[in-house]
Colleague: 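Quick one: the structure is below, and I'll ask about it shortly.
Only this structure's heavy atoms are used, side chains among them; waters, hydrogens and symmetry mates stay out.
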Amino acid sequence: MSMGRHALILGAFTLICTGAIVAVDILTRPRIEAEQDAAFARLLGEVLPMTAYDNNIAQDCVAVLDTDVFGREAAVPVYRARRTGAPVALVFTATAPDGYSGNIDLLIAIYHDGKIAGTRVTAHKETPGLGDKIERRKSDWMDQFRGRSLQQPSADKWTVRKDGGDFDGFTGATITPRAVLHALQRVQLYHANHRDELFSAASNCHASAEAATK
């Protein structure tokens, strides 16, 4: 068989394979996006009651960039919950970069009045049996922030008792809760200073579970 015939067969095979991959991607993309949206909705439901808002929160978001606050070099999505058009809450994605084993990714929902609706850790590498108590399935430690704000307790008390704050740490793992508390404080301060402009800004990002948990 000539070299030209081999090249022709190889080219045709490559073309068929590429076309098959593109076709599968087109056919499965809607289902993948739907599953991502469903997973994101379940995650949102853990930090903010779905009955609190009536807009499509996954599609109502703005991208913001502030590495000092959110712990990420890239812009992060901030989701906006509204009811009959009125602002209800903002849901932030943030990273505490100073965990014992590195980054701790968080989802933080804050009502319009500044009270925390709920918080969840979405990813971390903290020590199993010690730092992993920030996981909801391991401990209810993260639930203690619901209803708290920068006024309850005061801003200087948003740290562990060992540092003069109002919150318990974990036995043998102070660094982890300290990192989470400091991240929560930074995001609350950002909410207090930027809440109105975040709600009035044009939506400029499209949410997905993947975006929330990266």
Colleague: Count I, L, V, M, F, W, Y as connected when their side-chain heavy atoms are under 4.5 Å apart, and connections chain through other members. Are Val47 and Met50 then in the same cluster?
Modeller: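 Same hydrophobic cluster.
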Colleague: Please list all pairs meeting ring pair (Phe, Tyr, Trp, His ring centres under 6.0 Å) that have one or both residues in residues 115-144, counting only residues at least two apart or in different chains.
Modeller: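 Qualifying pairs: Trp141-Phe145, Trp141-Phe170.
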Colleague: For the atom pair OG1 (Thr95) and CZ (Phe70), what is the distance rounded to the nearest 0.5 Å?
Modeller: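 Rounded to the nearest 0.5 Å, the OG1-CZ separation comes out at 10.5 Å.
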Colleague: Would you call the rings of His191 and Phe92 parallel, tilted or perpendicular, taking 30° and 60° as the class edges?
Modeller: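 His191 vs Phe92 ring planes: perpendicular.
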Colleague: A side-chain contact here means heavy atoms from C-beta on lying under 4.5 Å apart; do Ile110 and Tyr190 qualify?
Modeller: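 A side-chain contact is absent here, since even the closest heavy-atom pair is not under 4.5 Å.
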Colleague: With the threshold set at 4.0 Å, does a side-chain nitrogen-carboxylate oxygen contact exist between Arg72 and Asp66?
Modeller: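 Salt bridge flag = no for Asp66 with Arg72.
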Colleague: By the definition side chain to side chain contact (heavy atoms under 4.5 Å, CB included), identify the one residue from Val121, Thr119, Thr122, Leu48 that meets it with Leu107.
Modeller: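 Only match with Leu107 under side chain to side chain contact (heavy atoms under 4.5 Å, CB included): Thr122.
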Colleague: Determine, for Asp140 against Arg146, whether the closest basic-nitrogen to carboxylate-oxygen distance falls under 4.0 angstrom.
Modeller: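 Salt bridge: no.
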Colleague: Report yes or no: does Arg82 contribute a side-chain atom to a donor-acceptor pair with the main-chain N or O of Phe199 at less than 3.5 Å?
Modeller: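 Flag set: sc Arg82 to bb Phe199 pair under 3.5 Å.
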Colleague: Do Ser154 side-chain atoms and Gln151 backbone N/O form a donor-acceptor pair below 3.5 Å?
Modeller: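 Between the backbone of Gln151 and the side chain of Ser154 there is no qualifying donor-acceptor contact (under 3.5 Å).
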Colleague: Name the one of Arg161, Arg148, Lys157, Lys162 that satisfies side chain to side chain contact (heavy atoms under 4.5 Å, CB included) with Phe167?
Modeller: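 The passing option is Arg148.
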Colleague: Residues two or more places apart in sequence or in another chain: which of them pass ring-ring contact (aromatic ring centres under 6.0 Å, His included) with His182?
Modeller: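 ring-ring contact (aromatic ring centres under 6.0 Å, His included) list for His182, sorted by chain: empty.
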Colleague: Answer yes or no: is there a donor N or O on one side and an acceptor on the other, between the side chain of Thr93 and the main chain of Val76, under 3.5 Å?
Modeller: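 It does not hold such a pair.
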Colleague: To the nearest 0.5 Å, what is the distance between CG on Leu44 and CD1 on Ile57?
Modeller: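 The CG atom of Leu44 sits 5.0 Å away from the CD1 atom of Ile57.
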Colleague: Under 3.5 Å, side chain of Glu73 to main-chain N/O of Thr67, donor-acceptor pair present?
Modeller: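 No, Glu73 side chain to Thr67 backbone: no donor-acceptor pair under 3.5 Å.
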Colleague: So if you build clusters from Ile, Leu, Val, Met, Phe, Trp, Tyr with side-chain heavy-atom gaps below 4.5 Å, do Ile104 and Leu130 land together?
Modeller: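 No, separate clusters.
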Colleague: If we ignore hydrogens and angles and just use 3.5 Å, is the side chain of Asp163 paired with the main-chain N or O of Gly165 as donor and acceptor?
Modeller: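 No, because the side chain of Asp163 does not come within donor-acceptor range (under 3.5 Å) of the backbone of Gly165.
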Colleague: Give a yes or no on whether the backbone of Met142 and the side-chain of Arg120 come within a donor-acceptor separation of less than 3.5 Å.
Modeller: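 Absent.
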Colleague: Within this structure, what is the CG-CG distance for the pair Leu189 and Leu184, rounded to the nearest 0.5 Å?
Modeller: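 Here the interatomic distance stands at 11.0 Å.
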Colleague: Which residues pass the salt bridge (Lys or Arg N to Asp or Glu O under 4.0 Å) test with Arg195, not counting sequence neighbours?
Modeller: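 So Arg195 forms no salt bridge (Lys or Arg N to Asp or Glu O under 4.0 Å) with any residue.
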Colleague: Would you say Val180 ends up clustered with Ile175 if hydrophobic residues are merged whenever their side chains have heavy atoms under 4.5 Å apart, either directly or through other cluster members?
Modeller: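 No, no single cluster joins them.
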